[in-house]
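Take a look at the structure set out below.
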There are 2 protein chains.
Amino acid sequence: MKATLDQIVLEARELFRERGYAGASMQELADRVGLKKPSLYTRFPNKEALVSDVMALTFEETFADWPEECSEWMPMYETIVHRIAATLSDRKRCIGLHLAYGVSETTPAAAAAVRDYFAALRDRMAEILSAGVGPERAEDMATDALTRLEGATLWIVTAGDMRPMERAVASLIAEARTASAQTSHNNA
Amino acid sequence: MKATLDQIVLEARELFRERGYAGASMQELADRVGLKKPSLYTRFPNKEALVSDVMALTFEETFADWPEECSEWMPMYETIVHRIAATLSDRKRCIGLHLAYGVSETTPAAAAAVRDYFAALRDRMAEILSAGVGPERAEDMATDALTRLEGATLWIVTAGDMRPMERAVASLIAEARTASAQTSHNNA
DNA sequence: AATACGACCGACCGATCGGTAGTTTACAGA
DNA sequence: TCTGTAAACTACCGATCGGTCGGTCGTATT
């Protein structure tokens with residue numbers, strides 16, 4: 001095998017991130033991994049099938065080497081917020097957001113994969129937050145946290161400005177602390 | 001003229017919003033406005049040139065029938081936040097964000113148009129906020145407000161969920177009020 | 001040595017892409 | 001009524017799109 005499956009998925013992710021779903025071509029993916037186009041179709045039935053593998057890989061990477069469940073929630077929340085922000089700042093754009101806008105009803109499997117990715121990410125963050133701020137507020141807080149992290153990529157993409165992302169990270173962590181303090185106070 | 005320039009730009013915007021820059025084709029735009037493809041090229045030199053017209057139209061629409069400058073800042077800020085949120089909720093996605101991700105160094109004029117659009121929008125919001133929270137905090141607050149509004153489209157696009165957008169609007173307005181109160185207090 | 005198989009590739013498919021050359025049509029002004 | 005002009009048209013360009021066909025090659029099994 002000239003290229004492993006993981007290499008292809010990694011390169012596909014980079015291509016989707018740069019050019020979006022419609023703008024990414026199987027020909028360029030083949031060129032990047034050093035294969036001819038027909039060889040790609042021995043591994044993937046079609047272009048759309050790449051998307052779910054790309055999202056699955058991205059989710060796994062986000063939670064690679066994840067600490068034990070017995071850890072305290074606040075360091076865990078800080079870690080995941082920092083990891084997401086670091087990836088977005090590093091790659092200059094969000095592959096999930098680009099695909100979310102790029103897929104449509106003509107690519108239902110891809111749309112489902114993107115939807116499930118963000119739902120799973122939100123659920124994992126809500127699970128962590130739940131230990132600190134209670135289960136009622138956790139899901140909304142996780143959703144809004146992703147809203148701000150993803151939204152901050154707008155300024156990276158258009159102007160190369162990282163400061164909105166830095167402010168988002170700082171205020172998310174600060175808000176989690178205050179929310180936790182209020183919850184403890186209410187429970188006391 | 002079978003179709004006015006404005007009709008074409010309006011339809012181009014809808015097409016870009018749905019399919020992104022790469023996914024939108026001149027053929028489909030021609031079909032939608034009831035023209036043949038070559039007729040489009042009598043009005044626009046190329047596909048890329050549509051982008052700046054689309055963004056200009058969108059900016060003008062956002063500030064159509066804008067109240068006099070002598071108005072109080074808080075109603076003005078509420079109005080613009082509500083207008084942006086209403087458009088995003090209504091169209092289910094943001095044309096600016098879709099284009100921001102969709103254009104690249106191969107379409108520099110389009111990239112510049114999108115960058116300038118968001119910069120101008122942020123500046124107008126900062127100008128309004130400046131009267132309430134002071135010029136130092138205004139620009140960051142305006143930037144972060146757009147971050148949250150744009151980010152909230154993620155959940156509309158992927159899951160049809162409007163609640164994150166509603167929460168973003170509510171908390172933006174609430175934060176503007178508190179920030180204003182703090183500023184008044186400091187000045188007093 | 002015969003066989004079976006997965007990885008790979010050259011050549012090709014119909015369709016569509018952005019864009020253009022050359023021609024017709026409709027209408028305004030003289 | 002004639003004429004100039006702009007808008008729209010038919011027909012086409014080379015390139016690229018996602019995807020497929022038929023076959024080659026190396027290797028592992030028997």
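The shown structure was predicted, so the numbers you read here are calculated from the model rather than taken from an experiment. In what follows, every chain begins at residue 1, and chains take the letters A, B, ... in the order their sequences are listed.
With rounding to whole Å, Asn46(A) atom CG is found 9 Å from dG19(D) atom C1'. One interatomic measurement links the two molecules: NZ of Lys36(B) to C1' of dT25(C), which rounds to 15 Å at whole-angstrom precision. At whole-Å resolution of the value, CZ in Arg19(B) and P in dT16(C) are 13 Å apart. To the nearest angstrom, C1' of dC17(D) lies 15 Å from CD of Gln27(B). Nucleotide dG19(D) holds its P atom 13 Å from the CZ atom of Phe44(A), rounded to whole Å. Across the protein-nucleic acid pair, Leu40(B) atom CG and dT10(D) atom P stand 14 Å apart, rounded to whole Å. Note: CG (Leu35(B)) to P (dT25(C)) measures 17 Å, nearest angstrom. Between Leu5(B) atom CG and dA8(D) atom P there is a gap of 10 Å when expressed in whole angstrom units.
Among the protein residues, Ser25(A) comes within range of the sugar-phosphate backbone only, with heavy atoms under 4.0 Å from sugar or phosphate atoms but none that close to a base. Here Thr42(A) lies in heavy-atom contact (under 4.0 Å) with a base. Within 4.0 Å of Ala24(B), counting heavy atoms only, lie sugar-phosphate atoms of the nucleic acid but no base atom. Note on Ala3(A): only backbone sugar-phosphate atoms sit closer than 4.0 angstrom, heavy atoms only; bases stay farther off.
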I would like to know whether Arg13(A) and Thr58(A) meet side chain to side chain donor-acceptor pair (under 3.5 Å); could you show each step before the answer? CA-CA 9 Å; Arg13(A) 178 171 65 180; Thr58(A) 302; 3.1 Å; yes
Audit row: Glu14(A), Arg17(A), salt bridge (charged side-chain N to carboxylate O under 4.0 Å, His left out) steps and yes/no: CA-CA 5 Å; Glu14(A) 195 54 34; Arg17(A) 180 153 36 212; 3.2 Å; yes
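A donor-acceptor pair is defined here as one N or O able to donate and one able to accept, closer than 3.5 Å; no such pair exists between the side chain of Asp144(B) and the backbone of Thr147(B).
Note on Lys2(A): a side-chain N or O is less than 4.0 Å away from OP1 or OP2 of dC9(C). Taking only side-chain nitrogens and oxygens, Arg43(A) never comes nearer than 4.0 Å to OP1 or OP2 of dG6(C). Residue Ser39(A) places no side-chain N or O under 4.0 Å from the OP1 or OP2 atom of dA7(C).
Side-chain N/O atoms of Lys37(A) and base N/O atoms of dG18(D) include a donor-acceptor pair closer than 3.5 Å. At a cut-off of 3.5 angstrom, the base of dG19(C) holds no donor-acceptor pair with the side chain of Lys47(B).
For Tyr101(A) and Thr153(B), the side-chain atoms include at least one donor-acceptor pair closer than 3.5 Å.
Taking only side-chain atoms of Tyr41(B), from C-beta outward, the nucleotide of dC9(C), dA11(D), dG18(C) with the closest atom is dG18(C).
Geometric assessment of Lys47(B) against the ring of Tyr21(B) yields a positive cation-pi assignment under the 6.0 Å and 45° thresholds.
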